[in-house]
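Every chain is numbered from 1 and lettered A, B, ... according to where its sequence line falls, protein lines coming before strand lines. The figures that follow rest on heavy atoms only: side chains count, while hydrogens, waters and symmetry mates do not.
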Amino acid sequence: MGAKTTTDGATGSRWLTLEGLLPVAIAALIFAWLAQAIPAVGAGEVVRYSWDWVPSLGIALSFLIDGLSLTFGLLITGIGALVFLYASKYMQGHAHLARFMLFLVLFMASMLGLVLADNLLTLFVFWELTTITSYLLIGFDHATAKARRSALQALLLTGTGGLALLAGFILIGTVTGTFELSEIRAQGDVLQEHALYLPILILVLAGAFTKSAQFPFHFWLPNAMAAPTPVSAYLHSATMVKAGVYLMARMHPNLGGTEIWLWTLTIFGAFTAVFASFMALKQTDLKQSLAYTTLMALGTLTLFLASDIGYAITAAMTFLIVHSLYKATLFLVVGVIDHETGTRDVDRLGGLARAMPVTAFAAAIAALSMSGIPPFIGFISKEIKYAAALGVESEPVFVIGAVLLANALMLAVAAVVAFSPFWRNKHLAAELSPHEGPWQMLMGPVILATLGAIFGVFPSLLAASLVNPGVAAILGPEAEPAKLKLWAGVNLPLILSIVTIALGIAIYIYSRPMRAALQAMGERLVNFDRGWDRVLDGLKWLAAWQTDLIQSGVLRRYLFITFLTLLIGIGGTIIAKDALSVTVAWPDLLLKHWVVVALIVAGAMLTLTTSSRIAAIAGLGAVGIGVALIFIIFGAPDVAITQLLVETLVVVLFGVAALKLPRLDDSGRKTHRPLDALLAVGVGAIVTVVLLMVTAGPLDRRLTTYFEETSWPEAFGRNIVNVILVDFRALDTFGEIAVVVIAALGAYALLKGRKQDDPR
Amino acid sequence: MNSIILLAGTRLLVALLLVFSIYMLLRGHNTPGGGFIGGLIGATGFVVYAIACGTETARSALRVAPEKIAMVGLGIALFAGVMAAFFGDGFFTGQWLFIGETEDDKGLPLSSVLVFDVGVYLVVLGSILTICFALEEAV
């Protein structure tokens, strides 16, 4: 997305369109509505709304506002409003601006539903909706193959995770007997002690890890940067990818607190964080670099959610907010740079600060917060992270090592992203001609960056309103959150901070040689993205192979396999159940019955022996009419009429088709005949046996009696067959006639399609 | 097929079959018949016509493309099911209107069930003619 659509930001009023303004207003209104709940939630209240949705399945449309969901809700709507404003300008002049904004608003609504849901299945529905809207947004630029591929990759990966999540939720529902999160929570440690705990944990974490792009499912996130920048800023840094983190935080009381939870999250989180930081340094594209730092943040959040100590959860909650603020800012800044210069290659950019002072200002503050430099909120967040790492139950040295390395690399990346383009002395290529972005695109970065600074100086604002209620929502009201302080005295975290800063600066200075080394190394490592392609190719190959195997295109083989399956299925069941009990008695038949039987037998024999197709068709017709006669004799006129009419039409159809078919005595088919005959006799025998067994027992007449009794009083019809068809079983009939239409259209397409292929 | 007997017979038969098909459709609720059978009879009429006079003539006599008839029929059947929603009942619950109802006589019954059966009639008629005409044209 390097298109410079309209670079003259000053031309005023065209952005004031419905599709530009309405989304901003919606997001801002929801933000304001949520914000008024801050005092109540801060005081420990929990607001709950519930409506019945599918009561028979225990699914309610219930929403819960507590510290955790409120924090997420405010981030989603607040950053949403700013991103929408930004997007209305960024995408101005795009032919599908309205569509783009609609997708964004739909995404926001899904995400809000996800974090506010108090019912596991409601949560799951919104979870899938975020997957779908994210697919639409990543693939928005659908004319390019890369966007399509990235969108599909994200959809398949997160969708697979979503399926696992659904399975996990259903297991939770069977264990606890409810899908309401608040009720599950009230049950205490039921899940952790249940035998199904491990499968539940694996399934739920599979959902969370794919959504939040934890290693080894990380590769879709950097690819998702194919989306327009506002999408990257909103979905793939501030909100959607946090859905997995949200889920882990939400399930923390129910699934957390065990050894396996602690170690799984610690190891995956730590590895993702460090791995992603190195990858971030490797990139030259600013957006790619930021994408990997998002992975690092997600890894860090996972790492801290592993623990149950107050410090760790406080660290997670604080970092969650801090990261959203600075990462959205930086993405938006990169978007401004891209929009105004046409490139985001860090090697081509430099000295932009003079031309874009406001952007440079926002970028600098966000980067300082990201690097953890005082007095910004990022510093406090980093201090808490170190304090928490010192106290975790798993392995403090390991956690501190991972966090320290990730933070130092983060500082270096922050410098690369926010310092190099603006302050580095570099002569810009003339065609870039940078200038400041329009105000709509600056408002977001400036507000978000400034918030980072304000919270840094007054951390208690954040602590009282969001962090502490959030910690209480995860750990319970009696939990003790860590205090957010700018100056906590000279202690171990402070020393670690100083080490981080020194290490980070060193990495930045040597970033170019390091990048070269990493790129060289990256060539030799396993490439997950390419591996993904191979998996998809394998899947396609498998599909092609089995289609070739099953779909031979030879009608005779289809029929043979179908009837063989019938024979083996029924025969096998009878033998396996040892159910064979046939008593053959001489039937008590009248002359008219014998005539019908003779007609059917004669028709069948004619069909078998004749070498003329027309004769065979006539023989088959005789069989059909014989069957219709049986229906008439035994009092089923409706069925008989239908049978007669269908028989007539079939003869006509066959008669027409016969003109095109090869002769019956064609030598190729002779070789199949013995085998076909064997199968036919077998199927005939097995069906006879089944019929004899069925009629041997007493018929269950309950349904028949019901229909006989209710047909007239309730459905006002005396013809039971018809009443069943159009009233009692109308839905079935509807399905059947739908099949009839589809079959007709299929036949039509085949016949007409063939005609075009071979113009005669 | 150029047979004068068939051609002459067809004129009578087609009209009879079509009237009979409607008759079967309408009486179906109480006596043998119904949308399915009616549709089959109606289709038979047009098939006979197509055999005698060619599919092109039959198509123009039908006026509307058979595949469209089938689709419209499916839509009517669906509508009959959805109709119940307007009265607060479950999907496909029959809705009845008795015109001129007295103590011991139900009068003229009209129902969503009949609408559904008309849908079935059109689906069957349209589907069979779609296949038949296409097949005859392909050969």
Notebook entry, point to check: For the atom pair OG1 (B:Thr130) and NZ (A:Lys752), what is the distance rounded to the nearest 0.5 Å?
Noted result: 10.5 Å
Next item on the list: Looking only at non-hydrogen atoms, find the nearest pair between A:Leu745 and B:Glu67 and report the distance.
Entry: CD2-CB, 3.8 Å
Checklist line | Residue B:Phe91 excluded, over 12 heavy atoms near CZ under 6.0 Å | finding: yes
Next item on the list: Evaluate the criterion side chain to side chain contact (heavy atoms under 4.5 Å, CB included) for residue pair B:Met24 and A:Ile641; output intermediate values, then yes/no.
Entry: CA-CA 11 Å; B:Met24 286 302 258; A:Ile641 298 173; 3.8 Å; yes
Margin query: A quick test of your reading: do over 12 heavy atoms of other residues, nucleotides or ligands sit less than 6.0 Å from CD1 of B:Ile5?
Written below: no
Next item on the list: Step through the shown structure and confirm whether more than 12 heavy atoms of other residues, nucleotides or ligands are within 6.0 Å of CZ on A:Phe654.
Entry: no
Next item on the list: Answer yes or no: is there a side-chain heavy-atom contact under 4.5 Å between A:Leu751 and B:Glu137?
Entry: no
Note to self: Any non-hydrogen side-chain atom of B:Phe133 less than 4.5 Å from a side-chain atom of A:Tyr748?
What the structure shows: no
Item checked: Euclidean distance, A:Asn722 CG relative to B:Ile37 CD1, rounded to 0.5 Å -> 8.0 Å
Notebook entry, point to check: Counting heavy-atom pairs under 4.5 Å to chain B, which of A:Leu731, A:Ile742, A:Ile720 comes out on top?
Noted result: A:Leu731
Item checked: Greater than 12 external heavy atoms within 6.0 Å of A:Phe563's CZ -> no
Note to self: Does any backbone or side-chain atom of A:Ala730 lie under 4.5 Å from a heavy atom of chain B? Answer side chain, backbone, both or neither.
What the structure shows: both
Note to self: Other residues, nucleotides and ligands only: do more than 12 of their heavy atoms fall within 6.0 Å of CD on A:Glu708?
What the structure shows: yes
Check: Between A:Leu644, A:Thr648, A:Leu645, A:Val639, which has the largest tally of heavy atom pairs under 4.5 Å with chain B?
Finding: A:Leu645
Margin query: In the structure I gave you, are the side-chain heavy atoms of A:Asn719 and B:Thr31 within less than 4.5 Å of one another anywhere?
Written below: no
Next item on the list: Find the one option among B:Asp117, B:Leu129, B:Val124, B:Ile128 whose heavy-atom pairs under 4.5 Å with chain A are most numerous.
Entry: B:Asp117
Item checked: Heavy-atom pairs under 4.5 Å with chain A, option from B:Val113, B:Leu135, B:Ile131 with the top count -> B:Leu135
Note to self: Quick check on the interface: out of B:Gly28, B:Ala77, B:Cys132, B:Gly35, who has the most heavy-atom pairs with chain A under 4.5 Å?
What the structure shows: B:Gly28
Note to self: Counting C-beta onward and ignoring hydrogens, is there a side-chain heavy-atom pair between B:His29 and A:Val726 closer than 4.5 Å?
What the structure shows: yes
Checklist line | Neighbour count above 12 (heavy atom, 6.0 Å) for A:Phe560 CZ | finding: yes
Check: Heavy-atom count around A:Arg556 CZ within 6.0 Å, excluding the residue itself: above 12?
Finding: yes
Next item on the list: With a 4.5 Å cut-off on heavy-atom pairs, point out which of B:Leu78, B:Thr44, B:Thr93 contacts chain A the most.
Entry: B:Leu78
Next item on the list: Go through B:Phe36 and A:Thr642 one step at a time and tell me if the side chain to side chain contact (heavy atoms under 4.5 Å, CB included) criterion holds.
Entry: CA-CA 8 Å; B:Phe36 207 87; A:Thr642 313; 3.7 Å; yes
Note to self: Could you measure the distance from the OG atom of B:Ser127 to the CD1 atom of A:Ile737? Nearest 0.5 Å is fine.
What the structure shows: 8.5 Å
Checklist line | Heavy-atom proximity to chain A below 4.5 Å, by part of B:Leu114 | finding: neither
Margin query: What part of A:Val721 gets within 4.5 angstrom of chain B, counting heavy atoms only: side chain, backbone, both, or neither?
Written below: neither
Margin query: Once you measure the plane-to-plane angle for A:Phe734 and B:Phe116, does it fall in the parallel (<30°), tilted (30-60°) or perpendicular (>60°) bin?
Written below: tilted
